[in-house]
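Below: one structure, written as structure tokens.
All values below come from the heavy atoms of this structure, side chains included, with hydrogens, waters and symmetry mates left out. The first residue in the sequence is number 1, and the count goes up from there. For ligands, and for the atoms within them, numbers begin at 1 and follow the listed sequence. Worth saying up front: this structure is predicted, and the values here are computed from it rather than measured.
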Amino acid sequence: MERTLVIIKPDGVRRGLIGEIISRYEKKGLKISNIRMIHADEEILKKHYAEHQGKSFYKDLLDFMMSGRIVVMVVEGKNVVETVRKINGKTNPLEAEMGSIRGDFANFVTENIVHGSDSAESAEREISIWF
Ligand code: DAT
Ligand code: MG
């Protein structure tokens with residue numbers, strides 16, 4: 001079964017959206033096959049966000065991701081990478097469709113509630129970092 005990595009970011013946890021977010025994946029027929037809540041350190045985030053190193057928003061992104069606890073989970077299902085990205089909505093909240101998690105709950109590009117892997121290869125790489 002295809003797998004992906006989802007992170008509920010510190011803003012999602014702070015705002016009490018853990019249940020709401022997990023519920024959206026489950027209602028779509030996806031399965032949560034592993035889950036943990038942690039306070040991420042810089043080392044693990046540098047691995048996770050390696051592709052963004054050097055970009056203008058990199059430091060703000062890491063600081064934000066260390067600003068509170070996060071929920072990290074493995075989600076499984078048919079076409080799960082694409083399905084989760086659709087449920088999450090576009091990166092920029094102005095472009096995220098209403099009805100998506102970011103469309104409904106996010107109003108800043110950095111603080112955008114959730115992460116979902118962008119491909120099956122990224123998913124396997126990210127799952128091995130966090131689990
Ligand atoms: P996604 O999380 O949709 O995969 P991404 O991988 O391009 O998006 O970027 C990772 C995170 O970095 C994103 O969730 C929020 C932040 N980010 C991306 N582009 C940004 C920008 N132009 N300004 C500020 N933060 C940005
Ligand atoms: Mg990404």
Side-chain angles (χ1 to χ4, degrees):
M1 189 56 79
E2 190 177 315
R3 311 193 293 169
T4 195
L5 184 96
V6 168
I7 300 177
I8 303 177
K9 299 185 181 185
D11 55 338
V13 174
R14 269 194 289 273
R15 289 170 58 186
L17 295 171
I18 296 171
E20 166 81 33
I21 291 165
I22 291 176
S23 172
R24 289 182 179 214
Y25 302 133
E26 289 186 327
K27 284 179 188 161
K28 188 72 177 169
L30 306 174
K31 292 266 178 289
I32 313 302
S33 64
N34 210 342
I35 185 163
R36 57 195 288 237
M37 179 180 252
I38 60 162
H39 200 137
D41 62 22
E42 192 166 349
E43 189 188 346
I44 197 164
L45 287 166
K46 277 183 169 168
K47 286 185 197 155
H48 177 79
Y49 280 126
E51 64 170 312
H52 296 305
Q53 202 190 342
K55 292 187 186 167
S56 58
F57 57 83
Y58 180 71
K59 188 178 183 300
D60 286 347
L61 176 61
L62 263 53
D63 285 346
F64 165 61
M65 291 297 289
M66 290 186 286
S67 71
R69 288 183 297 169
I70 60 173
V71 174
V72 190
M73 55 192 152
V74 179
V75 183
E76 292 186 359
K78 191 167 154 52
N79 301 316
V80 69
V81 168
E82 213 177 325
T83 304
V84 162
R85 298 275 295 185
K86 196 156 194 170
I87 294 170
N88 288 357
K90 296 225 173 84
T91 312
N92 181 342
L94 276 178
E95 290 169 11
E97 310 74 5
M98 301 308 293
S100 69
I101 292 169
R102 287 166 169 174
D104 288 351
F105 302 122
N107 199 24
F108 302 96
V109 67
T110 304
E111 302 193 15
N112 60 9
I113 314 277
V114 277
H115 166 83
S117 311
D118 62 12
S119 67
E121 298 72 49
S122 299
E124 291 308 316
R125 188 186 75 85
E126 292 170 5
I127 289 167
S128 71
I129 292 171
W130 295 98
F131 289 94

> Which residue and non-hydrogen atom of the protein lie closest to atom 22 (N) of ligand 1, and at what distance in Å?
Replying inline: Phe57 CD2, 3.9 Å
> After noting the C-alpha distance and the side-chain angles of Glu2 and Lys78, does the key distance pass the salt bridge (Lys or Arg N to Asp or Glu O under 4.0 Å) rule?
Replying inline: CA-CA 6 Å; Glu2 190 177 315; Lys78 191 167 154 52; over 6 Å; no
>> Using the rule given for salt bridge (Lys or Arg N to Asp or Glu O under 4.0 Å), can you reason through Asp104 versus Arg24, listing the C-alpha separation, both sets of side-chain angles and the distance that settles it, and then say yes or no?
In response: CA-CA 12 Å; Asp104 288 351; Arg24 289 182 179 214; 3.0 Å; yes
> Any side-chain donor paired with an acceptor under 3.5 Å for Asp118 and Ser122?
Replying inline: yes
>> Would Arg102 count as being in polar contact with ligand 1, using the rule that some N or O on each side must be under 3.5 angstrom apart?
In response: yes
> Near Arg85, which atoms of ligand 1 are under 4.0 Å from a heavy atom of that residue?
Replying inline: 1 (P), 3 (O), 4 (O)
> Got the closest protein heavy atom to atom 1 (P) of ligand 1, with its distance?
Replying inline: Thr91 OG1, 3.6 Å
> Looking just at side-chain N and O atoms, do Tyr25 and Asn88 make a donor-acceptor pair shorter than 3.5 Å?
Replying inline: yes
> Taking both backbone and side-chain atoms of Glu51, is any N or O found less than 3.5 Å from an N or O belonging to ligand 1?
Replying inline: no
>> Tell me whether Met65 shares a hydrophobic cluster with Trp130, the cluster being built from Ile, Leu, Val, Met, Phe, Trp, Tyr side chains joined at under 4.5 Å.
In response: yes
> Who's the nearest protein heavy-atom neighbour of atom 10 (C) of ligand 1, and how far?
Replying inline: His52 NE2, 3.5 Å
> Which atoms from ligand 1 have a heavy atom of Lys9 less than 4.0 Å away?
Replying inline: 14 (O)
> Taking NZ, NE, NH1 and NH2 as the nitrogens, is one of them in Glu121 or Arg125 under 4.0 Å from a carboxylate oxygen of the other?
Replying inline: no
>> Return the closest protein heavy atom for atom 15 (C) of ligand 1 as residue, atom name and distance.
In response: Val109 O, 3.2 Å
> Which atoms from ligand 1 have a heavy atom of Asn112 less than 4.0 Å away?
Replying inline: 13 (C), 14 (O), 15 (C)
> Hey, quick one: are Ile8 and Val75 part of the same hydrophobic cluster, counting side-chain heavy atoms closer than 4.5 Å, chains of contacts allowed?
Replying inline: yes
> To which protein heavy atom is atom 25 (N) of ligand 1 closest, and what is the distance rounded to 0.1 Å?
Replying inline: Thr110 OG1, 3.3 Å
